[in-house]
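Below is one structure, written out as C-alpha cells; the observations come after it.
In each ligand, atom 1 is the first atom listed, and ligand 1 is the first ligand listed.
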Amino acid sequence: MHTKGSTECCCSFEDYNQTTEWLLSRTRHRPKIAVVCGSGLGLLADGVTNKEIFPYADIPNFPVSTVPGHEGCLVFGILKGKSCVFMQGRFHLYEGYSLCKVTFPVRIFKLLGVETLIVTNASGGLCPDFKVGDIMLIKDHINLPGFAGQHPLCGPNDERFGIRFPCMSDAYSKDLRKLALDISHELDYTNFVREGVYCMVSGPNFETIAEARMLQVLGCDSVGMSTVPEVTVAKHCGLRVFGLSLITNKVSLDYSREEKVNHEEVLEISKMRAEHVQMMLNTLIARSDQLDEGINVN
Ligand SMILES: *[C@@H]1O[C@H](CO)[C@@H](O)[C@H](O)[C@H]1NC(C)=O
Ligand SMILES: CC(=O)N[C@H]1CO[C@H](CO)[C@@H](O)[C@@H]1O
C-alpha cells in the first residue's frame, strides 16, 4: 500500500479491469446504482433481496477498511426492483490510504455498468440552523485536501475514465436532489431534511474551534472526513451523483462551550436516524428511473 501524501497513481487500468472481471464472473447482478454507506449506515442494504456478499478481503486489489462501524463488504442485490451494489464500509484518507485506493471502488462501479452513485456519510453541523439528526442533501462540496494537492485525480490522466480537467460545478445531480426534496415532503420529513455544502477535511482529529469558524466563514454547512474524493472520481467518469449527509454532531464554534465530539456519539445518532435515511433512499431508488433520460455523460 502507498503512504499518504503520494500523488502517484497506484492502480493501473489492468487492476480495475481484473477486479471488475472477478466480480462479473461471480455475481449475476448487473447493478445500475451503487450506494456508499457512511458511518453507522451499513444497514442501508438491509432491504436488499437476492443478496450476494463479497468481503473486501476476498476481492482482488480491494483495500480493507479499518474503522469500527464500517463493515467492509460489497453487497449486490435487488432493492425496490432495481439492481444495486452497496459498499458497506468505505476507505478514508486518515487511514493512510492513497486517494486512488480510497476511490478505487468508484471506478469498479463504472466498469460494472453503474450509472448512479449514491453517497452517504456522517458529518458535523456548522450551519447554525442545523440540528443533530438532520439529514443534509449535499448541494455542493469544498475539497479542502484537494486545495493542498491531496486530490484523487492528480497524476497521469486515464482518458478511458474521463477528461483531464473535469467540470465540478454540477457534481451533485439537480434532478436527484429535487426528487429527494419531493420525497421528503411526501414522507413528512421536512423538519429534519436540509440542503447544504459539505466540506471535506482529512482528519483524523476533529476541528479546532478556530478551524471550525474558518470553515463556517467559507460557506461550509457541514464538515466530514470522506465522500469528496469518491464524488470527484465519480463525476470524472460520468456517473450521476446523489449525496446525503447525516448531521451527527454540532461542531463547536464557541470557546465557552464544553461539549466534545466522539465517535460513539456519531454512531448513536446514525442509529437513531438510519431508518429515515433508509426510507428516503429506498424511495429515491424506487423512483430513480423516472429520471433515467436525464443521465449526462460528460
Ligand atoms: C477487461 O479487459 C479485457 C481485455 O482487454 C476486455 O475484453 C474486457 O472487456 C475488460 N473488462 C472490462 C470490465 O472492462
Ligand atoms: C462519522 C464521523 O467521523 N463524523 C465526523 C466527520 O468529520 C467531521 C469533521 O471532522 C466531524 O465533525 C464528524 O463528527
### Cationic tip of Arg160 above Phe13 ring, under 6.0 Å, 45° of axis
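Yes, cation above the ring, under 6.0 Å and within 45°.
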### Query
Any salt bridge between Arg26 and Glu52, counting N to O under 4.0 Å?
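Salt bridge between Arg26 and Glu52, a charged N being under 4.0 Å from a carboxylate O: no.
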### Query
Do we see a donor-acceptor contact under 3.5 Å between the side chains of Ser173 and Asp175?
no
### Query
Between the side chains of Thr116 and Arg240, does any donor sit under 3.5 Å from an acceptor?
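There is such a pair between these side chains.
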### Task
Just say parallel, tilted or perpendicular for the rings of Phe76 and His29, cut-offs at 30° and 60°.
parallel
### Message
Check the orientation of Phe62 and Phe104. Use parallel for under 30°, tilted for 30 to 60°, and perpendicular for over 60°.
### Response
perpendicular
### Close-range residues for ligand 1, whose non-hydrogen atoms fall below the 4.0 Å threshold
Asn17, Thr20, Glu21
